[in-house]
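A short write-up of the structure that comes next.
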Amino acid sequence: MRIVIIGGGPGGYEAALVAAEHEAQVSLIAREGLGGNSVLWDCVPSKALIVSADAMGWMQSANRLGIRSSVGDLHTESAVDMAMVFDRVAQLARNQSADITRKVEKAGVDVITGTGRLTGTGSVQVSLADGGHRDLEADMILL
């Protein structure tokens with residue numbers, strides 16, 4: 001059985017894993033990376049931002065809690081390096097997406113970076129991220 005899945009979010013990559021487990025030939029098409037919005041833009045990044053904000057809040061209230069921080073005779077001030085925070089958030093999302101991709105590829109799924117478009121009852125054309133195209137035939141297509 002040849003299965004093409006358009007969309008690399010949790011529904012797409014989990015379906016790919018189950019289909020591969022049942023020995024289907026599976027192609028999974030994702031535009032940006034596996035994990036979908038949850039991993040790349042929503043849940044993972046927002047939780048990482050919340051952790052940084054919580055840390056800053058605790059640092060700002062530390063003095064009221066009796067915690068003192070100093071280097072020599074100088075007292076330190078807390079500041080947020082937003083570029084560093086955003087770099088960390090993006091790296092966490094990329095790492096989780098890469099972990100999911102490795103797991104799916106290890107299961108034997110053909111992961112394709114691009115945008116899929118239905119071209120018939122059993123065919124999909126993929127506009128590849130590198131600018132090319134790829135045509136896939138399938139017994140089943142999941143969106």
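We're numbering straight along the sequence, starting at 1. Since the model is a prediction, treat every value here as computed from it, not as a measurement.
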Problem set entry | Val4-Val26 co-clustered via ILVMFWY side chain contacts under 4.5 Å |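 Looking at the clustering, Val26 is in a separate group from Val4.
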
Exercise. Can you hop from Val89 to Met56 via hydrophobic side chains spaced under 4.5 Å?
Worked result: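 Yes, one cluster joins them.
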
Inter-residue atom distance [X].[atom1] - [Y].[atom2], 0.5 Å rounding:
{"X": "Thr115", "Y": "Ile29", "atom1": "OG1", "atom2": "CD1", "answer": "9.0 Å"}
{"X": "Ser52", "Y": "Met82", "atom1": "OG", "atom2": "CE", "answer": "7.5 Å"}
{"X": "Leu28", "Y": "Glu105", "atom1": "CG", "atom2": "CD", "answer": "9.5 Å"}
{"X": "Thr113", "Y": "Glu32", "atom1": "OG1", "atom2": "CD", "answer": "10.5 Å"}

Problem set entry | Trace of the side chain to side chain contact (heavy atoms under 4.5 Å, CB included) decision for Val111 with Leu34 | CA-CA 9 Å; Val111 178; Leu34 299 190; 4.2 Å; yes

Exercise. Would you call Asp87 and Arg94 a salt bridge, taking side-chain N to carboxylate O under 4.0 Å as the test?
Worked result: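 Looking at Arg94 together with Asp87, the answer is no, because their closest N to O distance does not fall below 4.0 Å.
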
Give every donor-acceptor pair under 3.5 Å between a side-chain atom in residues 7-25 and any protein atom, sequence neighbours left out.
unit_1 : atom_1 : unit_2 : atom_2 : d
His22  : ND1    : Val18  : O      : 2.9

Does the side chain of [Y] come within less than 4.5 Å of [X]'s, by heavy atoms?
{"X": "Val126", "Y": "His133", "answer": "no"}
{"X": "Ile6", "Y": "Val124", "answer": "yes"}
{"X": "Met1", "Y": "Ile3", "answer": "yes"}

What pairs of donor and acceptor atoms, side-chain ones from residues 135-143 against any protein atom, are under 3.5 angstrom apart with sequence neighbours left out?
unit_1 : atom_1 : unit_2 : atom_2 : d
Asp135 : OD1    : Gln125 : NE2    : 3.4
Asp139 : OD2    : Arg2   : N      : 2.8

Exercise. If you look at every heavy atom in Ile112 and Ser27, which pair is closest and at what distance?
Worked result: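 Scanning both residues completely, I find the closest heavy atoms to be CD1-CB, 4.1 Å.
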
Using side-chain hydrogen bond (donor to acceptor under 3.5 Å, both in side chains) as the criterion, list what pairs up with [X], not counting sequence neighbours.
{"X": "Ser123", "answer": "Thr119"}
{"X": "Trp58", "answer": "none"}
{"X": "Asn95", "answer": "Gln91"}
{"X": "Asp42", "answer": "none"}

